[in-house]
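Inspection log for the structure reproduced underneath, given as structure tokens.
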Amino acid sequence: MERADAFDSLGDDSLGDPTATASVERLTPRELGQWGESIAAHELAVRGWTVHGRNWRCRSGELDLVCTDPQRHAVVAVEVKTRHAGSRVPAIEAISRDKLARLRRLLVQWIADQQIHAPHLAVDLVAITVHREGTWTLTHIEDIA
């Protein structure tokens with residue numbers, strides 16, 4: 001099943017709040033990515049997901065978020081892409097087929113490392129676009145790989 005959800009949020013002046021966007025223009029690309037991961041984790045938690053880990057690394061790569069989606073009874077690797085509106089490559093297009101395959105393999109490795117049983121595994125994409133007026137749009141695509 002593939003589902004895309006999009007919604008907007010207005011920010012305030014505090015980067016301590018993961019939904020704040022007032023100072024996002026001044027962030028480095030790395031900081032923008034971290035901000036986007038915080039937004040994604042917050043929004044998934046609001047939907048009832050459990051976030052098990054952020055930025056899990058092994059020799060083969062990194063998973064941005066590892067979560068449980070209670071509706072799908074799935075452990076989900078969530079790749080988060082954050083871009084400014086007007087970027088050369090939009091957030092939703094910033095992931096290759098090779099990367100998706102690697103994320104699937106990394107999720108299997110995470111499951112093995114945690115020594116847990118997962119009835120269903122999934123890879124989702126959360127694409128966040130930051131707009132000039134201080135809003136952002138989040139698109140969540142389930143089961144992308």
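Since the structure is predicted, the reported quantities are computational estimates derived from the model, not experimental observations.
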Residues at least two apart in sequence or cross-chain that pass salt bridge (charged side-chain N to carboxylate O under 4.0 Å, His left out) with Glu62, listed by chain then number, are Arg57
Scanning both residues in full, the closest heavy-atom pair of Val75 with Ala118 reads CG2-CB, 3.7 Å
Are any non-hydrogen side-chain atoms of Arg88 and Arg83 less than 4.5 angstrom apart? no
Separation between CG (Leu138) and CD1 (Ile128), nearest 0.5 Å, reads 5.0 Å
Rounded to the nearest 0.5 angstrom, the CG-CH2 distance for Asp64 and Trp56 is 12.5 Å
To the nearest 0.5 Å, atom CD1 of Ile111 lies from atom CG of Leu121 at 5.0 Å
- request: Could you tell me how the ring of His140 sits relative to the ring of Trp49: parallel (under 30°), tilted (30 to 60°) or perpendicular (over 60°)?
  value: perpendicular
Residues pairing under salt bridge (charged side-chain N to carboxylate O under 4.0 Å, His left out) where one sits in residues 97-106, two or more places apart or in two chains, turn out to be Glu79-Lys99
Of all heavy-atom pairs linking Arg72 and Glu142, the shortest is NH1-CB, 3.6 Å
Interatomic distance, CD@Glu37 vs NZ@Lys81, rounded to 0.5 Å, equals 9.5 Å
**OP:** Could you please spell out the steps behind the side-chain contact (heavy atoms from CB on, under 4.5 Å) verdict for Thr68 and His52?
**Re:** CA-CA 7 Å; Thr68 299; His52 298 290; 2.4 Å; yes
Applying side-chain hydrogen bond (donor to acceptor under 3.5 Å, both in side chains) to Gln34 and not counting sequence neighbours gives none
Note: Arg54 and Val51 closest approach over all heavy atoms is CG-CG1, 4.3 Å
- Query: Is the backbone N or O of Val78 less than 3.5 Å from a side-chain atom of Asp124, with the two atoms forming a donor-acceptor pair by type?
  - Reply: no
side-chain contact (heavy atoms from CB on, under 4.5 Å) with Leu63: of Val76, Asn55, Leu106, only one passes, and it is Leu106
Output for pair (Ile95 CD1, Ile144 CD1), nearest 0.5 Å, gives 6.0 Å
**Asked** Would you say Glu93's side chain and Pro90's backbone share a donor-acceptor pair under 3.5 angstrom?
**Response** no
>> Less than 4.0 angstrom from a charged side-chain N to a carboxylate O is my criterion; do Asp69 and Arg47 meet it?
In response: no
When every non-hydrogen atom of Gly48 is compared with those of Pro70, the smallest separation belongs to O-CG, 3.5 Å
So CG of Leu125 and CD1 of Ile141: to nearest 0.5 Å the spacing works out to 5.0 Å
With heavy-atom distances below 4.5 Å as the criterion, would you say the side chains of Asp143 and Val123 are in contact?
no
task = Answer with yes or no whether the hydrophobic clustering places Ile116 together with Val108; edges join I, L, V, M, F, W, Y residues whose side-chain heavy atoms lie under 4.5 Å apart.
result = yes
Looking at the rings of Trp136 and His84, which for Trp means the six-membered one, are their centres under 6.0 Å apart? no
Here the pair of heavy atoms bringing Ala91 nearest to Thr129 is CB-OG1, 4.2 Å
Note to self: Val126 vs Thr139, test: side-chain contact (heavy atoms from CB on, under 4.5 Å). Steps then yes/no.
What the structure shows: CA-CA 6 Å; Val126 170; Thr139 303; over 6 Å; no
In terms of heavy-atom contacts, Ala41 and Leu65 come closest through N-CD1, 3.9 Å
